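Following: one structure in structure tokens, then a few remarks.
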Amino acid sequence: MQLSALACLLSLYALPLLCEATTVPQKNSKVPPGFVTTKGKEFELDGKPFAFVGANSYWLPLLTSQSDVDATLESMKQAGVKVLRTWGFNAINETELQGALETNLTYYQACTPISSFQWLLNDGPQGLQRLDNVIASASKHDIKVIVAFTNNWYGSDLYVNWIAGAGQPHDVFFTDSRIIASYQSYVKTIVERYKNSSAIFAWELMNEARCVSDTLPAGPACVPGSNTLKTWYEEQSNFVRSLDANHLITTGGEGQFFWEHPLQYWFNHTLVSDYNYNGQAGEDFDHDTLLSNIDFGSYHMYPQSWYPELDHPGSNFTIESWGLEWIDQHIHAANKANKPLILEEFGVSGLQNKTTIYPSWVQRALDTKHATIVHRSIMPWQWGQLGLTEDGGNRPIKYSDAIVDGASPNDGNTFYPNQTQVWDIFTRAAKIQNARSG
Ligand SMILES: *[C@@H]1O[C@H](CO)[C@@H](O)[C@H](O)[C@H]1NC(C)=O
Ligand SMILES: *[C@@H]1O[C@H](CO)[C@@H](O)[C@H](O)[C@H]1NC(C)=O
Ligand SMILES: *[C@@H]1O[C@H](CO)[C@@H](O)[C@H](O)[C@H]1NC(C)=O
Ligand SMILES: *[C@@H]1O[C@H](CO)[C@@H](O)[C@H](O)[C@H]1NC(C)=O
Ligand SMILES: *[C@@H]1O[C@H](CO)[C@@H](O)[C@H](O)[C@H]1NC(C)=O
Ligand SMILES: *[C@@H]1O[C@H](CO)[C@@H](O)[C@H](O)[C@H]1NC(C)=O
Ligand SMILES: *[C@@H]1O[C@H](CO)[C@@H](O)[C@H](O)[C@H]1NC(C)=O
């Protein structure tokens, strides 16, 4: 039982004030026109089912040319895309700020304190106005946007190092009250900026929250059973809901499970416990999805990079079959929670791998035969755009990401419209999804 529910129960007799103070904020049951909502396992838009193929593009707000942004959204629209997922964060440190000013790099927050641990907020033309422009263009192209507030990778550790100090584990991000206050202050800025916009599909608490990050280890407080992430998801989703009762909220997590009997597989003749099922990563998809202000389940899927050993002789799972199992388990869990589900990131590298593996994954994820017609949605990682013009079509964007000969950043998972076999898998799926909607 949730603490707040217990408090309310007691309050019937003795504690009316405590009850009031701990009441969990609720989503409005009637939302303004054009806002997406849920009905059981389905998304709905203006009272009609809404199922889709979406696009991931974190780099759109990093572009400096509005005509490139518009051209990308136009291509997405032509491909039948209805939902875009992008980053609503771009935090940099004090050293990076100098470079950003020289290179016109988009940034929304810099660790240059105004007062104790308060970020320098950039809502100008090199800052949040670029996110405004992406959201406005999406709206013009009839595309809704999922916005994530921070990142487990290259993002949250800025808060950890700056506010908690060097030597702290990554997971203090989820527990240090000063970090939580700082995160919430940024979240409030973003939510209030777009609170009235029907172009927002949903808010996402964090991209791929885990106990560990790429730069910092997990501490002893983030272990299977500690509920560190679930507690954080609960607190933050309630906080976002208190600011905005109309938009959907989700975790943005990879969707790892914490099972009593986790899946195991054979690798090189050894039985291995699967970290995506044993709670080690930090999430508990079954219970995280049940939280009252988590409106739908989100999960990601990268077995090729998660398990380089899977297709190895002596292992009894392939990348493709591991993915099918992962899809089935999430559909099962979302059905139990009676909430919609988005496979909101997935990918493999290599053109051949994509053309052989994607058809079965997409088929399974969008299959309606298991339940009494439930429509699920997918968002492949990641959208490839050709013909970008800014800086003559060549520009380093951020870290190792670059526009090369007019092509958007290629991380190996990117698929471009000239790769017609892969492209067709998704545009065909989009047609089917769009026919199921409205
Ligand atoms: C920086 O980007 C803005 C668009 O956001 C553009 O108008 C401006 O010309 C760019 N400045 C430089 C120095 O490239
Ligand atoms: C700022 O970030 C850069 C690159 O991401 C890193 O090399 C540098 O050490 C950081 N500086 C501080 C003061 O944290
Ligand atoms: C949002 O809508 C409310 C109610 O119509 C209005 O009071 C408020 O000013 C609007 N806020 C913004 C930022 O447009
Ligand atoms: C692989 O082996 C494990 C352990 O015996 C078993 O639980 C799992 O179902 C097997 N997977 C496949 C795809 O056969
Ligand atoms: C598989 O196990 C054998 C025997 O223990 C070992 O020599 C070999 O290095 C292992 N291969 C891999 C890829 O781990
Ligand atoms: C295709 O997948 C296999 C198995 O993971 C991998 O070894 C190979 O490098 C991939 N091909 C490309 C071009 O990435
Ligand atoms: C498609 O465009 C990408 C990005 O410019 C390029 O790397 C690739 O060679 C092109 N052709 C095919 C068939 O992938």
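Every value quoted in this text rests on a predicted model; they were computed, and no experiment measured them. We count ligands from 1, going down the list as the structure has it; atoms in each ligand are counted the same way.
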Would you kindly say whether [X] and [Y] are connected by a side-chain donor-acceptor distance under 3.5 Å?
X: D157; Y: S213; value: yes
X: E204; Y: S298; value: no
X: S437; Y: N434; value: no

Looking at F267, which atoms of ligand 5 are within less than 4.0 Å of one of its heavy atoms?
14 (O)
Check for me whether the distance between the ring centres of [X] and [Y] falls short of 6.0 Å.
X: W232; Y: Y183; answer: yes
X: Y186; Y: Y159; answer: no
X: W326; Y: Y277; answer: yes
X: Y358; Y: F415; answer: no

Strictly under 4.0 Å, does any heavy atom of E94 approach an atom of ligand 2?
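E94 does not count as a contact of ligand 2 under the 4.0 Å cut-off.
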Would Y399 count as a polar contact of ligand 2, with the cut-off being nitrogen or oxygen pairs under 3.5 Å?
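Not met; the criterion fails.
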Atoms of ligand 2 under 4.0 Å from any heavy atom of T95, numbered from 1 in the order shown, are 11 (N), 12 (C), 13 (C)
Atom indices of ligand 2, in the order listed, that fall short of 4.0 Å to a heavy atom of N93
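Close to N93: 1 (C), 2 (O), 3 (C), 8 (C), 10 (C), 11 (N), 12 (C), 14 (O).
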Is the shortest side-chain heavy-atom distance between I378 and W361 below 4.5 Å?
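I378 does not reach W361 side chain to side chain.
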For a quick check: using heavy atoms under 4.0 Å, what are the residues in contact with ligand 1, sorted by chain and number?
T64, N104, P125, R130
Are any of the N/O atoms on N268, whether in the backbone or the side chain, positioned under 3.5 angstrom from an N/O atom of ligand 5?
yes
F149: which of W203, W87, Y194, F239 passes ring pair (Phe, Tyr, Trp, His ring centres under 6.0 Å):
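Looking at W203, W87, Y194, F239, the match for F149 under the ring pair (Phe, Tyr, Trp, His ring centres under 6.0 Å) is W203.
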Using a heavy-atom cut-off of under 4.0 Å, does the side chain or the backbone of H269 touch ligand 5, or both, or neither?
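Under 4.0 Å from ligand 5, H269 contributes no heavy atoms.
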